[in-house]
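Down below is the structure, laid out as structure tokens.
Basis for what follows: all heavy atoms, side chains included, without hydrogens, waters or symmetry-related copies.
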Protein chains: 2
Amino acid sequence: MTNPRRRDAAATRQLLLDAARRRFAEDGYSATSVRDIATDAGVNVALISRYFTSKEGLFRACLRGTVDDLKQSVFENTTLESATGLIAEKVGGPHTEQPNQLLLLLRSSGDEAAEQIRLDTLGSLGRRLAVAAGGEPDDPELLLRAQLVLAAALGTVILRAARLQPLATAGQDELTGCFQNLVAALLAPAPERTAAEGTATEEAAAENAGPEEQA
Amino acid sequence: MTNPRRRDAAATRQLLLDAARRRFAEDGYSATSVRDIATDAGVNVALISRYFTSKEGLFRACLRGTVDDLKQSVFENTTLESATGLIAEKVGGPHTEQPNQLLLLLRSSGDEAAEQIRLDTLGSLGRRLAVAAGGEPDDPELLLRAQLVLAAALGTVILRAARLQPLATAGQDELTGCFQNLVAALLAPAPERTAAEGTATEEAAAENAGPEEQA
DNA sequence: TGGGTAAGTCAGCGATCGTTTACTTAGCTA
DNA sequence: TAGCTAAGTAAACGATCGCTGACTTACCCA
């Protein structure tokens, strides 16, 4: 066997990150105590303050981790088809290891910095989806529909986490089919969906000028 | 002016319920303290224990209130068209008074009884939607798609609560158009939705033949 | 092989949590 | 109008929260 060092700061840090991501995603920020996390990680509580300054710092570190993973995946899926597959995978893929990390994007800590990361990431994902649909990322109507696809995906994650049957145990392939229909209906490249709307969307577009995604 | 009784148990109870519903929906269960609620309501903290036994009891009372409101609305909208309108209204309607009460259905208190109310309500809403679509409430594939519509609605509520632009400030009529497309794609009475995809969806339907949960 | 330092432990701080108890007071009725 | 009861108040309980500072110990290198 590999003789693991009994004292390894990087490994301990990672243990804390893993435990925290699970707890924060599953139970939420304020329902999770630092002692819960430390116990799960099999590590002393004081090390959270040492490695992450504070509980908020630990949460931000968790958030940065999932955001990085997510941006990496998004970067590799630029077409509408592969993006749809990515969504179905992230939503319905096997999460035997950890609870679905998309949940972390919906957990609020009350910390302003973390909140900003959350919002920036969600905004970036929407724009990516709009681009994948063949449109411009600042077309407000298209962006709205892209965010609705995002909302459907995140809502599905939540309901699955709530163990709502049969959605909770639906397979990834079933979800893929549904999301293909959903994406086709909302983001179809051919604009045939002029069913029934008629009001202005202009003023909503202007105030969405936040920082952009970086690799 | 009307001279309101300075001591009115029913009115005070309602003040607490209103303040609690707002706080629980906005900030979540564990991030809200009973002192927050009592202060918002302009009422002494001890009255929460008196009228609702505990913080959990207060949360259950809030949940029952929104569930009753919701079931009332659902009862009056049995067709797929009116149900779609109801969804758009609940999701995008003016929530100047209170934060969107659908949020409460997604807030977990850790209390088992409250969790059961939550799950039962979500399950019931899905079945209602499946029936409105002209199907049977125990058809697992249809129920899955109905729950996906539900997921889209709830996800939208969450992203609007997170103030994601332009979704957060989109008008009800814009949302109505989107949700009409979405419902048409997922719950179209005529099963023509096997068209748009090239991947197989058939074997996915086969393994989902087991009997589902009870009404 | 001994010493320096990073890694980890331990106990406890002050604050806040939900809840309870003893008390005061307003309002209806006899 | 006297008095009883329900409505509301004030204070504090024990538990738990996030966090800190002093301490111990394992590991690496000279």
Quiz item: Between B:Tyr51 and D:dA7, does any side-chain N or O lie under 4.0 Å from OP1 or OP2?
Solution: no

Practice problem: Flag yes if more than 12 heavy atoms outside A:Gln98 fall under 6.0 Å of its CD atom; otherwise flag no. | Solution: yes

Exercise. Mark yes or no for whether B:Thr39, through its side chain, and B:Arg35, through its backbone, hold a donor-acceptor pair below 3.5 Å.
Key: yes

Exercise. Please determine if a side-chain N or O atom of A:Thr12 lies less than 4.0 Å away from the OP1 or OP2 oxygen of C:dG8.
Key: yes

Practice problem: Consider only side-chain N and O atoms of B:Glu76 and B:Gln72, and report whether a donor and an acceptor are under 3.5 Å apart. | Solution: yes

Quiz item: Within this structure, what is the CG-to-C1' distance between B:Leu15 and D:dA7, rounded to whole angstrom?
Solution: 14 Å

Quiz item: CG of B:Leu47 versus C1' of C:dT20: gap in Å, rounded?
Solution: 13 Å

Self-check item: A:Asp8 CG to D:dC27 P, straight-line distance once rounded to whole Å
Solution: 11 Å

Quiz item: Hey, are the side chains of A:Arg60 and A:Phe52 touching, using non-hydrogen atoms and a 4.5 Å cut-off?
Solution: no

Self-check item: Contact pattern, 5' to 3', of nucleotides 17-25 of chain D - B, S or - by protein heavy atom under 4.0 Å
Solution: BBBBB---B

Quiz item: So, A:Ser109 versus A:Glu56: side-chain donor-acceptor pair below 3.5 Å or not?
Solution: no

Exercise. For B:Gln165 and B:Thr169, test the side chains for any donor-to-acceptor distance below 3.5 angstrom and give the result as yes or no.
Key: yes

Quiz item: For B:Phe52, which contact category applies under a 4.0 Å heavy-atom criterion: base, sugar-phosphate, or nothing?
Solution: nothing

